[in-house]
Each structure stands twice: as C-alpha cells, then as structure tokens.
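All figures in this text were calculated on a predicted structure; none of them were measured in a lab. The analysis underlying the following values was restricted to heavy atoms, covering all of them including side chains, and did not include hydrogens, waters or symmetry mates.
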Amino acid sequence: MANMNAVLEQAVARQDVPFAVGMVADADGTRFSGAAGEAAAGRAASEDTVFRIFSMTKAIGSVAAMILIDRGRIDFDTPVVDILPEFSRVQVLDGYDGDTPVLRAPRVQATLRHLATHTSGFEYEFWNADVARYLEVTGHPTILSGLKQSLFYPLTSDPGTRWGYGIGIDWLGQVVEAVDGRTIDVFCREEIFEPLGMANTGFELEGGMAANLGTLMARGEDGVFVPFDLAPPSRPEMYGMGHNLYSTAPDYLRFLRAVLCKGELDGARILSEQAVADMTVDHMQGLTFQKMVTIAPPVTADVDLFPGTRVTHSFAFARNEEAIPGKRSAGSLTWAGVCNTHFWLDPTKGIAGVIMTQSLPFVEERFMATYDAYEQAVYADL
C-alpha cells in the first residue's frame, strides 16, 4: 500500500493536485484508503471530504433508469418522446446563416439508449463550438443553470450516428421522474443512496456535508492553483443527473461495489444480476468513443481515453475493450467529474478504485500523470 500513498503524497508535494483522496475496494470491502494535502485551509483531506462529483452523477442517473428497466416500466429502445412529449421540441443544429442558427427535425427518434451512451446528438458547449455559439447568440441557458428550459439544447447530429458528450443523462433523469412519479432526488435517495448506505451523497449540502466540502482550485496561467467558484445550483427547477451530486470517496465506492457485486451490497439489492449484466455491456451499436477536443482550455483539456484502444460505452459507464498494460482489464468501466474526481471498476480483477480532488482544468496533463501512477500502483500493490 506504500506505493499508492506515495503517489498521492508526491502529487500534492509537486502541486500536480491541490489535495487527493484515493480508495480501492473489492466485493468484500475497502482494500486501500489514503489521502494527502489539505482539502480546505486548515483541514486535511480524508474519507470525510465532500466533493462536487459533477459527471460522476451520470452513472447514478443511468442506474436510476436501469432500475425502471429492470422492473419492466421502460426499455433501452423506448423513444424519449413517448415518455416526454416536450422532447419533440429538440432539433438538430445544421450550422448558421450569419448569426441565425439553422435548425431541422432529427431524422431518427432518440431512444433511452442514445441518451445513456452519448449518441443522442447532445453535446456540451465545452467541447463543441457550434453549441457554445448557439448559447451565446440565442441566450439559451446553460444546463448548469438548473432551469428546465436549459434542457433544450439543440442536437449536433442525428441520434445514433456518432459519439458526442452532452446532456443526455439530464434528460434520462426526467424520464425517470415521468415514469416513476417521484422527483429524481427522492427516487435516488430511496432507491439507491439509502439502500446502499450512502449517507454523505446528495443533491444539496445538507447536515455536516457543507463543513467537509473540499475547496475547488483552478490552475492559473502561471501554473499556480487559486480558489475557483463552481458548483451545481442549489434548489434548482430540476436536478440534472448529469452533474448535480455531492459525494465522498467511501460513498461512491459503495455504489461501485454494488455494481461489482451484481446489484447487491450488504443484503440490499438495487438491481437484479441480469440487469447489471445487461447494463454493463457495450451499448453503442457499432459506434465508439471519440476524442473530445476542448474549446474551453481553462475548464478542460482534450479528453482522449486510452489512445489507440477501442473504447465504447455501456448503459452507465465508458468501457475499454482491450486491457491497458499494467492497469485495468478489458471490459473495465469508468468515468469522471469535471473537477477531477475519477473512478474505474474492473470486473475481471474484482476491484474498484477512485482518485478524487477538486481542480481545474479537467484531465490536465499533470493530473493524468498522477492518475496513471496511482492506478499502476494499485495493480502493483494488490
């Protein structure tokens, strides 16, 4: 375990990360827990540190939908418009006539599978200049506003034609609400967080969570970290399942262990074994993950998962279809949050790991070198 601890401590000493919490678990429980640096002034990083997990919310949103699929209420290929008639307002952005967006109806109806695998045509403004321009020229609110109207981004391609990373899981959360009748925050609390004992995971900073929140740091042009203000909106019109959660490393590891244990943890079952099997296979129907090129370098670097390796997406996680030497096995599952909270789940080796901080830019080179060294240490030590 000394190697894993050393990676975290050295990364903080070099200021490759402002602080770090790392944990690893298997089906039986925690195998490693370590932390380095101060999560906030005068407060050491620890298992109690609360993180803005942003896009690590997405896997939980997909599991929420999977719970309803498991119960026969919806299926992977249910058209979104069949559940949410207002989805018919969504159009494809075909370019611009001057500053006027050119829009048309999609040629294919988006399904729940398209939403979950980021093949629906939705893309975030951080990786698509046409979407950034659309928000600017129309005044359309960003999804981070928490406004219901913000859901109506244009598509940048027809559903089922290519990978494009965006707000699909926010729509998936709306599907869960419409089918189940509970709001998504209540659904997640009652169906996922409470059964799995995730007491420090929620959509709002409640109880002692606020006191344990880590400080978000952004790296300036001089290479030095400075505090930065970014958080999901509190009490929004709708909770976005793409980004809205706060959590801790131990809590998120319990969620990953439930998947590792085929839907059950400590006697609480949230999904059937068959549902977990169905959820975690490649759902991209021949498509693959494509490099995400940033148009907002202060927020994110380019995202290229395992260059040269075929990467797909299950109903809830990205998948590497080939083994990564010295690291995760083929068929491992992964994703991350924009403030550099990262996880992976290796069903073949039977382990799940997290490495979490609060920093921008997302996947900057110095953070990714730390992640690489940490994961290699995990497999060397365990």
Side-chain angles (χ1 to χ4, degrees), residues 1-25 30-57 200-201 205 208-232 245-254 256 298-301 327 334-344 351-382:
M1 309 299 175
N3 290 335
M4 289 182 269
N5 267 318
V7 168
L8 302 180
E9 289 166 1
Q10 289 165 14
V12 172
R14 290 191 301 263
Q15 279 295 282
D16 292 339
V17 297
F19 68 92
V21 177
M23 293 186 71
V24 183
T30 302
R31 297 282 302 278
F32 167 76
S33 178
E38 288 193 343
R43 176 158 47 85
S46 72
E47 288 190 7
D48 293 332
T49 300
V50 172
F51 296 85
R52 307 157 187 81
I53 65 169
F54 279 100
S55 287
M56 281 170 60
T57 305
N200 291 305
T201 300
L205 288 170
M209 288 175 66
N212 289 321
L213 183 66
T215 300
L216 174 58
M217 306 294 278
R219 196 183 301 281
E221 291 183 8
D222 59 0
V224 176
F225 281 124
V226 294
F228 189 83
D229 187 24
L230 179 68
L245 283 173
Y246 297 87
S247 190
T248 63
D251 267 25
Y252 206 86
L253 212 51
R254 290 190 65 78
L256 296 177
V299 176
T300 177
K327 302 200 292 184
T334 192
W335 207 239
V338 73
C339 296
N340 285 312
T341 56
H342 296 251
F343 71 87
W344 81 96
I351 62 169
V354 297
I355 179 169
M356 302 170 74
T357 188
Q358 297 281 261
S359 71
L360 294 170
F362 179 54
V363 298
E364 65 162 342
E365 189 174 345
R366 291 170 69 173
F367 175 87
M368 293 308 286
T370 300
Y371 190 178
D372 176 69
Y374 173 72
E375 187 178 343
Q376 294 208 44
V378 168
Y379 284 90
D381 283 357
L382 298 181

How long is the span from the [atom1] atom in [X] to the [atom2] atom in [Y], to the nearest 0.5 Å?
X      : Y      : atom1 : atom2 : value
Asp372 : Tyr374 : CG    : OH    : 13.0 Å
Met56  : Cys339 : CE    : SG    : 11.5 Å
Trp335 : Thr341 : CH2   : OG1   : 12.0 Å
Phe228 : Leu360 : CZ    : CG    : 6.0 Å
Gln358 : Met217 : CD    : CE    : 11.5 Å
Trp344 : Ile355 : CH2   : CD1   : 7.5 Å

Do you know which two heavy atoms are closest between [X] and [Y], and how far apart they sit?
X      : Y      : value
Ala45  : Ala36  : CB-O, 3.8 Å
Met23  : Leu253 : CB-CD2, 3.6 Å
Ala373 : Val7   : O-CG2, 3.8 Å
Gly37  : Val12  : CA-CG1, 3.8 Å
Leu256 : Ala352 : CB-CB, 3.9 Å
Ala44  : Thr49  : O-OG1, 4.2 Å

Quick one: does [X]'s side chain have a donor or acceptor within less than 3.5 Å of a partner on [Y]'s backbone?
X      : Y      : result
Arg43  : Leu213 : yes
Thr248 : Val50  : no
Asn3   : Val378 : no
Arg366 : Gln15  : yes
Asn340 : Thr357 : no
Arg52  : Gly214 : yes

Do [X] and [Y] come close enough that some side-chain heavy atom pair is under 4.5 Å?
X      : Y      : answer
Pro232 : Phe54  : yes
Ser359 : Arg219 : no
Asp229 : Leu216 : no
Leu205 : Tyr246 : yes
Phe19  : Thr215 : no
Phe32  : Asn5   : yes

Counterpart residues, ring-ring contact (aromatic ring centres under 6.0 Å, His included), relative to Tyr371 (two or more places apart): His342
Side chain to side chain contact (heavy atoms under 4.5 Å, CB included) between Leu382 and Met1, worked out: CA-CA 8 Å; Leu382 298 181; Met1 309 299 175; 3.4 Å; yes
Pairs touching residues 4-14 that satisfy salt bridge (Lys or Arg N to Asp or Glu O under 4.0 Å), sequence neighbours left out: Arg14-Asp16
